[in-house]
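All heavy atoms count here, side chains included; hydrogens, waters and symmetry mates do not.
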Amino acid sequence: MTNLLGKTLLFAGCAALGLLRGLRRHQRTECLQGFRRALAALGRELTFSLRPMEQLMAEAERESQGGVALFFQTCRRAFTQGGEESWAESWWASLETCPLPLEPEDVRLLREAGDVLGRYDGACQRQALESLLRRLEEQAENARETARRLFRVDLSLGLTAGLFCWILL
C-alpha cells in the first residue's frame, strides 16, 4: 500500500512540475504585456505633461498588477531611499531583485527603459519609449507563441516522467 501511494505521489509530482513549467511560460507573457501597458501609459503621460518620475512610477504601480506592480513599487522605493541613486540605477536594481518570470533577453530589453526614463526631455523619452514598446510587443508575441506551442509539451513531459517513474519503481 505504501509503495502504491509513493508511486502515485511521484507521478503527481512529475505531472505538477510539467504543468508548472507550462504555466510559467504563460506568466512570462502576462508580465511582458503588463510592462508594455505600463510603459505605454508612461509614454502617453509624457506626451501631455512632464510630471516627476516618482509620481509617474506611483501611478504605474497603481495601474499594474502582480509582479509588474511590485517592480514599480520596488523601483520607486529604491529611488526615494537611495538619495543619490539615479532612476536608471533604481530601475536596474529593481529588475535584479524582483522575482519576475522573465528571461535574460526580456530583462535586457527592459533595462533599456531604465536608461531612457528621467534622463532626457519629454520628446526624446517618448520617442525612445515608442521604439522600446514595439520591441517589447514583438517579445511578448514571441513569448505568447512559445507558451502556446510548448504548454502541451511541458505537460506531456511531466506526465511521461511520472509514468516512467511509476513503471521503474
Side-chain angles (χ1 to χ4, degrees), residues 17-155 157:
L17 284 175
L19 180 66
L20 289 175
R21 177 64 182 152
L23 291 176
R24 176 100 170 147
R25 292 183 196 276
H26 286 290
Q27 287 175 343
R28 175 182 173 225
T29 302
E30 290 300 317
C31 186
L32 286 171
Q33 286 294 340
F35 270 108
R36 192 193 63 72
R37 284 189 299 271
L39 290 174
L42 284 173
R44 283 189 303 273
E45 187 65 34
L46 290 171
T47 301
F48 300 113
S49 70
L50 286 176
R51 292 190 327 192
M53 285 302 297
E54 185 176 354
Q55 290 178 4
L56 294 175
M57 291 293 168
E59 186 175 320
E61 176 189 340
R62 280 191 305 275
E63 294 180 9
S64 301
Q65 17 178 327
V68 178
L70 176 66
F71 167 80
F72 283 114
Q73 178 185 28
T74 304
C75 184
R76 190 170 51 87
R77 198 173 284 154
F79 181 73
T80 55
Q81 292 174 354
E84 299 292 324
E85 200 170 90
S86 71
W87 272 110
E89 292 169 344
S90 300
W91 186 275
W92 299 333
S94 299
L95 277 175
E96 291 174 8
T97 58
C98 285
L100 298 169
L102 299 174
E103 299 202 356
E105 66 261 12
D106 304 332
V107 173
R108 187 173 30 83
L109 186 61
L110 288 171
R111 281 181 65 91
E112 292 179 25
D115 290 335
V116 172
L117 292 174
R119 286 200 176 181
Y120 306 109
D121 65 347
C124 290
Q125 288 183 64
R126 222 178 18 258
Q127 185 179 24
L129 274 177
E130 287 172 7
S131 171
L132 181 70
L133 286 172
R134 282 191 299 273
R135 293 188 350 229
L136 198 57
E137 180 60 35
E138 291 171 7
Q139 192 81 0
E141 185 59 39
N142 290 340
R144 186 180 306 109
E145 180 61 31
T146 301
R148 187 190 61 75
R149 190 182 74 232
L150 294 180
F151 180 76
R152 283 186 241 139
V153 172
D154 291 330
L155 185 57
L157 284 173

The reported gap from CG in Leu133 to CZ in Phe35 (rounded to nearest 0.5 angstrom) is 12.5 Å

ask   = Got a sec: does the CD of Gln65 have more than 12 other heavy atoms crowding it under 6.0 Å?
value = no

Any side-chain heavy atom of Arg144 within less than 4.5 Å of one from Arg148?
-> no

Between Phe151 and Arg25, does a side chain to side chain contact (heavy atoms under 4.5 Å, CB included) hold up when you go through it step by step?
CA-CA 8 Å; Phe151 180 76; Arg25 292 183 196 276; over 6 Å; no

The reported gap from CG in Leu110 to CZ in Arg36 (rounded to nearest 0.5 angstrom) is 12.5 Å

Interatomic distance, CG@Leu19 vs CZ@Arg24, rounded to 0.5 Å, equals 14.0 Å

Close side-chain approach of Glu96 and Arg111, heavy atoms under 4.5 Å: yes

When rounded to the nearest 0.5 Å, the distance separating NE2 of His26 from CD of Glu30 is 9.0 Å

inquiry  = Tell me whether Ser64 contacts the main-chain N or O of Glu61 through its side chain, where contact means a donor paired with an acceptor under 3.5 Å.
reply    = no

### Query
If you count the non-hydrogen atoms of other residues, nucleotides and ligands that lie under 6.0 Å from CZ in Arg135, is the total more than 12?
yes

OG1 (Thr29) and CG (Asn142) are apart, to the nearest 0.5 Å, by 10.0 Å

Residues Arg28 and Ala143: closest non-hydrogen pair is NH1-CB, 3.5 Å

Rounded to the nearest 0.5 angstrom, the CD-CG distance for Glu130 and Leu132 is 11.0 Å

In short, Pro99 meets Leu70 closest at the heavy-atom pair CD-CD2, 4.1 Å

What one should report as the nearest heavy-atom pair of Cys75 and Ser90 is O-CB, 3.7 Å

In short, Gly67 meets Leu100 closest at the heavy-atom pair O-CD2, 3.4 Å

Side-chain heavy-atom pair Glu103, Asp106 within 4.5 angstrom cut-off: yes

- Task: Report the relative orientation of the aromatic rings in Phe72 and Trp91; use parallel for angles under 30°, tilted for 30 to 60°, perpendicular for over 60°.
- Result: perpendicular

